[in-house]
Novice: 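Please read through the structure below; I'll follow up with questions.
Just so we're clear, the structure is a prediction, and the values are computed from it rather than from any experiment.
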Amino acid sequence: MRPSLRSLALAFAVSLAACSSPEPAQDTQSASNQVEGTSLLGTELVRRSFTPEQRTQLDAELAEAQAAYERAPLDADSIIWYGRRLAYLERYRDAVEVFTEGVEKHPDDPRMYRHRGHRYITLRMFDDALADFQYAARLIEGTGNEIEPDGRPNARNIPLSTLHGNVYYHLALTHYLRGEYDESLDAWNKALSAATNDDSRVAVNDWRYMTLRRLGRDHEAQAIANGVSESLDIIENTAYYRRLLMYKGVVQPEELLDQNEVDDLQFATQGYGVGNWYLENGEEERGREIFRRIVESPYWAAFGYIAAEADLARAGS
């Protein structure tokens with residue numbers, strides 16, 4: 001299948017910018033096209049600005065991925081990385097279009113549905129995300145697992161996620177965002193079975209804890225927290241680990257939201273667990289106030305932000 005006109009236009013614009021000037025490539029789209037969608041609370045989801053250094057790196061990575069795609073437009077990996085690099089620039093609609101081409105060219109490759117579904121979550125298109133992850137789950141059934149390479153390697157350059165783990169993780173998250181907690185828990189359990197390291201396990205167990213609390217299964221939730229070691233060597237999922245230690249009683253909620261240590265992105269991520277903890281422990285207004293602070297931050301693609309937004313939308317506040 002030939003690339004769409006929109007993709008070709010985007011390819012031309014990026015390659016032209018990369019070749020004509022050593023300055024960071026500029027996004028020449030109109031202001032209206034900086035809006036990626038609408039939040040569950042009715043506000044516009046507008047792309048964030050990047051520092052010149054960030055933009056230079058992101059544009060260069062996109063140009064490289066796009067060149068690889070143009071050389072081999074049928075290659076599955078080229079398609080995936082082109083879509084991922086677009087998403088890192090918060091061009092989520094364009095990324096969905098690329099992954100949709102990937103679905104059409106490789107209808108039996110679960111990675112296409114896994115990546116498109118992720119960006120459907122970002123765009124608050126939960127029905128589409130659910131369909132993609134359910135189909136991806138059917139495709140991976142009975143197959144061997146595989147490591148997924150990181151777009152942003154961690155400090156030790158050790159990839160921590162797998163295809164199966166990501167399919168079930170995002171499937172579980174989609175159900176959670178839709179308020180389907182029984183289905184979410186089932187998928188979290190599958191994600192835990194696919195976890196291959198402590199980083200993955202603490203991320204899944206944090207969401208399992210919150211899901212069990214939503215189901216009123218507090219003793220099972222507390223058993224997860226109590227079973228977490230206080231001496232794990234966590235590479236990148238420190239926020240999830242510290243939340244589990246908070247549920248265990250080792251860390252106080254205030255420590256996780258210390259304004260001297262937590263920036264806006266960390267607050268969007270960390271705040272959801274803390275707000276949810278207050279909510280489930282009878283301090284509903286305090287929890288929702290944290291949710292409201294989260295959705296005032298600029299990091300609207302963060303899962304904690306989306307979850308806070310979904311809870312506020314359901315509560316009508």
Novice: Quick one: are L89 and D59 in side-chain contact, heavy atoms under 4.5 Å?
Specialist: yes

Novice: Does a side-chain heavy-atom distance below 4.5 Å link H118 with F303?
Specialist: yes

Novice: Report yes or no: does H106 contribute a side-chain atom to a donor-acceptor pair with the main-chain N or O of L74 at less than 3.5 Å?
Specialist: yes

Novice: Tell me, with the steps shown, if E36 and R91 meet salt bridge (charged side-chain N to carboxylate O under 4.0 Å, His left out).
Specialist: CA-CA 7 Å; E36 288 290 315; R91 299 185 184 184; over 6 Å; no

Novice: Relative to each other, are the rings of Y240 and W207 parallel, tilted or perpendicular (30° and 60° limits)?
Specialist: tilted

Novice: May I ask you to test the L185-Y181 pair for a side-chain heavy-atom distance under 4.5 Å?
Specialist: no

Novice: For Q57 and E53, test the side chains for any donor-to-acceptor distance below 3.5 angstrom and give the result as yes or no.
Specialist: no

Novice: May I ask you to test the Q34-E44 pair for a side-chain heavy-atom distance under 4.5 Å?
Specialist: no

Novice: Under a 3.5 Å threshold, yes or no: a donor from one side chain and an acceptor from the other, between T38 and R124?
Specialist: no

Novice: Kindly indicate whether the side chain of H164, heavy atoms from C-beta on, has any atom under 4.5 Å from the side chain of V167.
Specialist: no

Novice: Would you name the heavy atoms of Q252 and M246 that are closest together and state the gap between them?
Specialist: C-CG, 4.4 Å

Novice: Are E148 and R114 close enough, and set up right, to give a salt bridge (charged side-chain N to carboxylate O under 4.0 Å, His left out), and what steps lead you there?
Specialist: CA-CA 11 Å; E148 281 205 339; R114 166 264 187 275; 3.0 Å; yes

Novice: Assess whether a salt bridge exists between D199 and R156, defined as any Lys/Arg side-chain N lying under 4.0 Å from an Asp/Glu carboxylate O.
Specialist: no

Novice: Determine the minimum heavy-atom distance between R314 and L177, stating which atoms define it.
Specialist: NH1-O, 2.9 Å

Novice: Would the distance check show the side chain of E309 and the main-chain N or O of L40 forming a donor-acceptor pair, the cut-off being under 3.5 Å?
Specialist: yes

Novice: What distance do K190 atom NZ and L192 atom CG have between them, rounded to the nearest 0.5 Å?
Specialist: 13.0 Å

Novice: Is the closest side-chain donor-acceptor distance between T122 and R119 under 3.5 Å?
Specialist: yes

Novice: With a 4.5 Å cut-off on side-chain heavy atoms, are E183 and R178 touching?
Specialist: no

Novice: Hey, does the side chain of S184 reach the backbone of E180 with a donor-acceptor pair shorter than 3.5 angstrom?
Specialist: no

Novice: When hydrophobic residues are tied together by side-chain contacts of less than 4.5 Å, even through go-betweens, does F99 share a cluster with L171?
Specialist: no

Novice: Crowded around E285 CD? As in, over 12 foreign heavy atoms under 6.0 Å?
Specialist: yes

Novice: Working to the nearest 0.5 angstrom, can you tell me the gap between R85 CZ and L62 CG?
Specialist: 9.0 Å

Novice: Do W300 and S39 have a side chain donor and acceptor closer than 3.5 Å?
Specialist: no

Novice: If you take all heavy atoms of D150 and S161, which pair is closest and at what distance?
Specialist: OD1-OG, 4.4 Å

Novice: Would R288 and D311 count as a side chain to side chain contact (heavy atoms under 4.5 Å, CB included) here? Give the steps.
Specialist: CA-CA 8 Å; R288 290 200 178 94; D311 284 345; over 6 Å; no

Novice: Test your reading of the model: is there a side-chain donor-acceptor pair from T143 to the backbone of I140, 3.5 Å cut-off?
Specialist: yes

Novice: Any chance CD of E289 has more than 12 other-residue heavy atoms, nucleotides or ligands included, within less than 6.0 Å?
Specialist: yes

Novice: So, are D218 and R213 salt-bridged, with charged N and O less than 4.0 Å apart?
Specialist: yes

Novice: For E101 and Y69, test the side chains for any donor-to-acceptor distance below 3.5 angstrom and give the result as yes or no.
Specialist: yes

Novice: To the nearest 0.5 Å, how far apart are OG1 in T51 and CG in L58?
Specialist: 8.5 Å

Novice: Shortest non-hydrogen contact from I121 to A129?
Specialist: CG1-CB, 3.8 Å

Novice: Checking S297 side chain against I294 main chain: does a donor-acceptor pair fall under 3.5 Å?
Specialist: yes

Novice: Could you tell me if the side chain of R242 sits less than 4.5 Å from the side chain of E255, heavy atoms only?
Specialist: yes

Novice: Any chain of hydrophobic side-chain contacts (each under 4.5 Å) joining V251 to I290?
Specialist: yes

Novice: I need the R84 CZ to I80 CD1 distance, nearest 0.5 Å.
Specialist: 8.0 Å

Novice: Side chains of D206 and Y247: is there a donor and an acceptor less than 3.5 Å apart?
Specialist: yes

Novice: Is the backbone N or O of S200 less than 3.5 Å from a side-chain atom of N197, with the two atoms forming a donor-acceptor pair by type?
Specialist: yes

Novice: Using the side chain to side chain contact (heavy atoms under 4.5 Å, CB included) rule, take R243 and Y209 through it: C-alpha gap first, then chi angles, then the decisive distance, then the call.
Specialist: CA-CA 10 Å; R243 292 209 303 244; Y209 174 94; over 6 Å; no

Novice: Which heavy atom in A268 sits nearest to a heavy atom in A302, and how many Å separate them?
Specialist: CB-CB, 4.4 Å

Novice: Looking at every non-hydrogen atom in both residues, tell me the closest pair between L139 and D109 and how far apart they are.
Specialist: CD1-C, 4.2 Å

Novice: Check the pair Y82, L86 against side chain to side chain contact (heavy atoms under 4.5 Å, CB included), reporting the backbone distance first and the verdict last.
Specialist: CA-CA 6 Å; Y82 183 24; L86 284 166; 3.8 Å; yes

Novice: Please confirm whether F126 and Y120 have ring centers closer than 6.0 angstrom.
Specialist: no

Novice: Does one hydrophobic cluster hold both Y278 and F291, with members joined at side-chain heavy-atom distances below 4.5 Å?
Specialist: yes

Novice: Give, for atom OH of Y135 and atom CG of L130, the distance between the pair rounded to the nearest 0.5 Å.
Specialist: 15.0 Å

Novice: Determine whether the aromatic ring centres of residues Y169 and W188 are separated by less than 6.0 angstrom.
Specialist: yes

Novice: Does L279 form a side chain to side chain contact (heavy atoms under 4.5 Å, CB included) with R214? I'd like the steps, not just the answer.
Specialist: CA-CA 10 Å; L279 194 73; R214 291 292 171 96; 3.8 Å; yes

Novice: OG1 of T269 to CG of L256: how many Å apart, nearest 0.5 Å?
Specialist: 11.5 Å

Novice: In the single-linkage hydrophobic clustering (I, L, V, M, F, W, Y; side-chain heavy atoms under 4.5 Å), do I235 and V204 co-cluster?
Specialist: no

Novice: Does the distance from a Lys or Arg side-chain N to an Asp or Glu carboxylate O, for R152 and E61, drop under 4.0 Å?
Specialist: yes

Novice: When hydrophobic residues are tied together by side-chain contacts of less than 4.5 Å, even through go-betweens, does I158 share a cluster with I147?
Specialist: no

Novice: Test ring-ring contact (aromatic ring centres under 6.0 Å, His included) on F133 and Y113; report intermediate values, then the result.
Specialist: CA-CA 6 Å; F133 291 126; Y113 303 92; 9.8 Å; no

Novice: Who are the side-chain hydrogen bond (donor to acceptor under 3.5 Å, both in side chains) partners of R201, not counting sequence neighbours?
Specialist: D198

Novice: Salt bridge or not for R111 and D77, using N-O below 4.0 Å?
Specialist: yes

Novice: Closer than 3.5 angstrom, by distance alone: can the side chain of N281 be matched with the main-chain N or O of W277 as a donor-acceptor pair?
Specialist: yes

Novice: Just wondering, are more than 12 heavy atoms of other shown residues or ligands nearer than 6.0 Å to CD in E146?
Specialist: yes

